[in-house]
Every structure is written in structure tokens, then in C-alpha cells.
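Just so it is clear, the structure is predicted and the values come from calculations on it, not from any experiment.
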Amino acid sequence: MSSEREEQIVIDSCHTTVHTLAGRHGKEGSRLRFMQKDGRFPVVFQKAPGEWSPYFVDIFTTLVEIRWRVMLLVFSLSYILSWLFFGLVYWVIAYVHKDTENLENAPCVDNVRGFTAAFLFSLETQATIGYGFRGMTENCIVAIIVVTIQDVFSCLIDTIIIGIAVAKMASARKRAQTVGFSNCAVVNLRDGALCLSWRLGDFRGNHILEGTARAQLVRHVKRPSGAVVLSYQDLDLQVRDIILATPATVIHRLEPGSPIYGLGPDDLLQEDFELVVSFTYTGDSTGMLHQTRTAYSPADIRWGQRFQDMLKLGKKHYKVDYALFNQTTWVEVPLLSAEEYGRGRPTAPTVGHIQIQHPVLPSVRGSGDSYLMKPDVTEEAFQEAWL
């Protein structure tokens with residue numbers, strides 16, 4: 001396909017659709033997204049107040065958020081450095097008390113005559129090993145005070161390390177990976193009105209107690225001065241509070257006041273926005289608050305499709321087939337914006353498994369099914385989509 005064409009043809013062969021995007025969207029795939037599909041934000045702070053100080057002020061959160069390999073390094077160094085520090089202190093005490101020179105002298109610590117022995121005594125004390133060869137005596141009050149301080153410090157390190165490890169294992173981010181949204185959103189008719197919807201499901205067996213869904217339309221506008229302005233518009237959802245025992249479909253009705261109300265299937269592909277959706281919920285097992293989020297671009301919104309049914313009623317259980325979680329099927333939907341459809345225009349063109357003729361969008365037939373194409377889409381492009 002020639003790269004010199006004014007328009008780029010985007011083909012979704014999974015659903016046999018052909019869309020034509022305007023030339024200004026020719027680099028849609030390389031455009032920086034506001035939110036990635038996995039919910040991460042590609043944002044980098046430059047010259048933030050304090051630079052590194054916020055990470056040290058909230059050191060616990062910093063340690064919880066770092067990677068496991070870094071955490072294991074911090075875990076190991078915290079013990080090794082503490083053993084070395086207190087071992088050095090015991091060696092200094094033995095050196096000052098002349099235990100390293102005079103073997104006949106009553107030592108502060110039995111069998112500690114050098115740094116190696118002092119390090120081993122520090123390790124055995126903090127790890128409560130107690131081999132019985134090296135031990136504290138009553139000859140030096142300073143050594144007794146140091147042992148007491150090391151015991152308290154050892155309990156403090158154990159508490160911090162164990163707390164951080166538990167917090168990392170129970171991280172809300174890990175639980176959020178088991179609750180997900182569908183790969184795409186769809187537009188179809190519900191109760192005679194055009195609706196935008198997407199799927200939400202819990203991939204684990206344990207169910208979520210309570211959750212709230214939210215959706216925002218995010219646009220960014222670059223001003224001539226180079227500044228980038230972000231605008232946020234909330235979308236009204238038919239049901240926000242969801243009990244996610246089974247997969248749920250989140251629905252936004254395209255009605256007056258909706259930012260997508262005046263957009264048709266062709267207008268949608270000319271838009272430059274992101275639909276940011278999130279689900280905040282409480283886990284049944286842990287009672288912790290979690291959030292799952294993702295974003296849909298206009299290319300992720302499929303007009304004239306609906307999600308396949310994945311819930312069936314068995315004899316003793318409801319059966320959910322997650323193999324159909326992202327699967328969609330064609331339905332008859334007007335190729336009009338919700339605003340035009342609401343004005344009651346005469347017979348609107350539809351898509352589906354029937355032959356359709358349209359004065360602007362001619363239909364083509366493949367294996368008994370008809371699909372609408374833009375007039376400038378070549379036959380070779382459609383054949384590629386069909387294959």
C-alpha cells in the first residue's frame with residue numbers, strides 16, 4: 001500500500017471492518033497517549049519542588065513502590081551493614097579494654113579478640129543464633145549497653161522489612177491486574193437510543209464487595225505558544241455502583257449533554273480524544289481499596305457492534321465464559337450521530353448481516369455478508385481485510 005496516499009486505511013481484520021482516517025491522523029499509532037492501555041500515565045516531572053526529598057520524607061511508600069530486586073538489595077544491605085557497624089563497635093570496645101593484646105585480661109565479650117570474632121558476635125546476637133562460644137560478660141557496662149541497643153534495633157529492622165514485604169505482596173496494583181476492561185468499546189442501540197458501552201470483569205474466583213465506575217473524556221489542545229491544555233468532561237453512566245459477581249457492561253447513553261452526542265461514526269474517527277475509564281472497588285478477601293483503569297481512543301470504539309453473551313444459567317451455578325470477554329458481533333445500528341438519530345430522520349442506513357445500499361456508503365458483499373465501505377477504499381484493501 002503506497003505511503004504517499006493522502007489518507008491512511010486502518011483495517012481491523014478480526015471484525016472485517018474498514019475505516020478511513022484523515023491524513024492528519026496518519027501518525028495515530030505514534031501519538032503520545034494521555035493514558036496507556038494498562039493504566040499508566042506517561043508523565044515525567046521536571047524540576048519538581050524538593051527533587052528527592054519527597055521520597056525520603058515518605059520512605060515507607062518509596063520502599064513499597066520500588067521493584068522487588070531493589071527491595072531485596074535494601075533488605076540484605078540493612079542487615080549486613082548493621083552487623084558490620086555493631087561488630088566494629090564491639091571490636092573498638094575490645095581494643096580499648098586491651099582484650100585484643102592481653103589474653104589473660106578478663107574480656108568484655110568472651111572469645112572476642114579481633115574484628116572477625118566481633119563481627120560474628122554481632123551477627124549471632126542480632127540473628128539470635130547463640131552458638132554458645134562467644135558471649136557477653138559483666139566486665140564492661142558499655143558492651144552491655146551496646147548489646148541492648150542492638151537488640152532493640154534488630155526488632156525495629158525486622159518490623160520494617162516484614163511490613164514492607166507484606167505491603168508489597170498485598171499491593172493494590174497486583175489486585176488491579178486481575179480486574180480488567182474489554183479491549184474495545186462499542187456503540188449500539190439500547191431501548192431505542194444509541195449507547196456507548198464497555199465491559200468490566202473480575203478474573204479471579206473471589207468476588208468484589210463493592211465498586212464504583214467512572215468515565216472521563218480527555219482532550220488535549222496545543223496552543224500556538226506551545227502550551228498544552230488538558231480538558232476533562234465527565235460522562236454520565238447509567239449504573240455507577242456495581243457488584244462485580246459476574247462481568248458487567250458499563251453503559252453511557254448518547255443524549256444531549258454527552259460530549260459524543262453530535263459525533264457519528266465518521267466524525268468519531270476524525271476526533272482526537274481519549275476515553276479514560278476506571279473502577280474503584282474494595283476487595284472481598286483483604287478489604288483494601290483498589291482501582292483499575294484503562295483508556296480508549298476513537299479507533300478503539302466500534303460502531304454497530306455489541307459484546308457477545310458470556311453468561312449462561314446452569315443447574316447449580318451461573319457459568320461465565322471469559323473466552324468471549326472481548327468478542328463482539330455485528331448489530332443493526334444507524335450510521336448517524338445520536339443527535340441526528342434523535343431528530344427522527346427517515347430510514348437510516350444500518351450495518352449487519354443483510355444487503356444494504358447507501359447513496360454515500362456503498363455496500364460490498366463477501367461470503368454472503370454485506371459491509372459498508374468508504375468510496376475511496378480500494379478493492380484490494382477490502383480483500384485484505386476480508387482475508
Side-chain angles (χ1 to χ4, degrees), residues 40 45 48 50-178 204 283 285-290:
R40 294 180 299 170
F45 295 135
E51 292 292 338
W52 293 98
S53 59
Y55 296 97
F56 292 102
V57 171
D58 190 8
I59 187 65
F60 182 81
T61 303
T62 301
L63 293 176
V64 171
E65 291 180 346
I66 61 177
R67 296 180 179 273
W68 270 107
R69 54 177 175 266
V70 180
M71 180 58 206
L72 292 176
L73 178 62
V74 173
F75 174 85
S76 302
L77 288 178
S78 63
Y79 283 105
I80 294 174
L81 293 178
S82 65
W83 296 336
L84 287 172
F85 173 76
F86 285 102
L88 179 63
V89 172
Y90 292 131
W91 178 79
V92 171
I93 292 175
Y95 180 80
V96 172
H97 197 256
K98 306 297 183 180
D99 294 342
T100 58
E101 300 175 0
N102 186 4
L103 300 181
E104 301 297 329
N105 187 28
C108 294
V109 181
D110 287 333
N111 300 307
V112 173
R113 304 291 181 177
F115 178 75
T116 302
F119 173 77
L120 291 176
F121 175 72
S122 173
L123 187 154
E124 294 168 12
T125 300
Q126 189 163 330
T128 64
I129 296 176
Y131 289 123
F133 183 69
R134 281 171 285 270
M136 181 61 60
T137 66
E138 301 176 354
N139 301 324
C140 300
I141 187 64
V142 176
I144 296 175
I145 294 175
V146 172
V147 169
T148 304
I149 294 174
Q150 185 177 11
D151 289 341
V152 175
F153 184 74
S154 174
C155 295
L156 179 63
I157 291 182
D158 292 341
T159 302
I160 294 175
I161 295 298
I162 294 174
I164 292 173
V166 172
K168 286 182 69 66
M169 289 187 292
S171 173
R173 295 180 181 178
K174 299 299 181 182
R175 181 64 179 99
Q177 294 177 2
T178 63
R204 289 177 61 93
S285 301
T286 62
M288 297 178 61
L289 193 66
H290 309 268

**Q.** Distance in Å, I149 CD1 paired with F86 CZ, rounded so as to fall on 0.5 Å steps
**A.** 7.0 Å
Q) To the nearest 0.5 Å, what is the distance between CD1 (I157) and CD (Q150)? A) 9.0 Å
Q | CD1-CE distance between I66 and M71, expressed to the nearest 0.5 angstrom | A | 6.0 Å
Q: Indicate the atoms forming the closest heavy-atom contact of I161 with S78, along with that distance.
A: CD1-OG, 4.1 Å
(Q) Has N139 got a side-chain atom pairing as donor or acceptor with C108's backbone, closer than 3.5 angstrom? (A) no
Q: With rounding to the nearest 0.5 Å, note down the distance linking CZ in F75 to CD1 in I164.
A: 10.5 Å
Q.
So which atom in H97 and which in A106 form the shortest heavy-atom distance, rounded to 0.1 Å?
A. CE1-O, 3.1 Å
Q | Atom of S82, atom of F153 and distance for their closest heavy-atom approach | A | CB-CE2, 3.7 Å
Q.
Does D110 form a side-chain contact (heavy atoms from CB on, under 4.5 Å) with F133? I'd like the steps, not just the answer.
A. CA-CA 8 Å; D110 287 333; F133 183 69; over 6 Å; no
(Q) Quick check for you: to the nearest 0.5 Å, what is the distance between R134 atom CZ and F121 atom CZ? (A) 9.0 Å
Q | Distance-minimising heavy-atom pair for I93 and A143 | A | CD1-CA, 3.9 Å
(Q) What verdict does the side-chain contact (heavy atoms from CB on, under 4.5 Å) test give for V109 and T137, after you've listed the backbone C-alpha separation in whole Å, the side-chain angles of each residue and the deciding distance to 0.1 Å? (A) CA-CA 6 Å; V109 181; T137 66; over 6 Å; no
Q | Backbone N/O of A118 and side chain of S122: donor-acceptor pair under 3.5 Å | A | no
Q: Flag yes if more than 12 heavy atoms outside E101 fall under 6.0 Å of its CD atom; otherwise flag no.
A: yes
Q. After noting the C-alpha distance and the side-chain angles of F85 and L81, does the key distance pass the side-chain contact (heavy atoms from CB on, under 4.5 Å) rule?
A. CA-CA 6 Å; F85 173 76; L81 293 178; over 6 Å; no
Q) What is the minimum heavy-atom distance between A165 and W68, and which atoms define it? A) O-CH2, 3.9 Å
Q. Is there a donor-acceptor pair under 3.5 Å between the side chain of T148 and the backbone N or O of I144?
A. yes
Q. Once the angle between the rings of W83 and F119 is folded into 0 to 90°, is it parallel (under 30°), tilted (30 to 60°) or perpendicular (over 60°)?
A. perpendicular
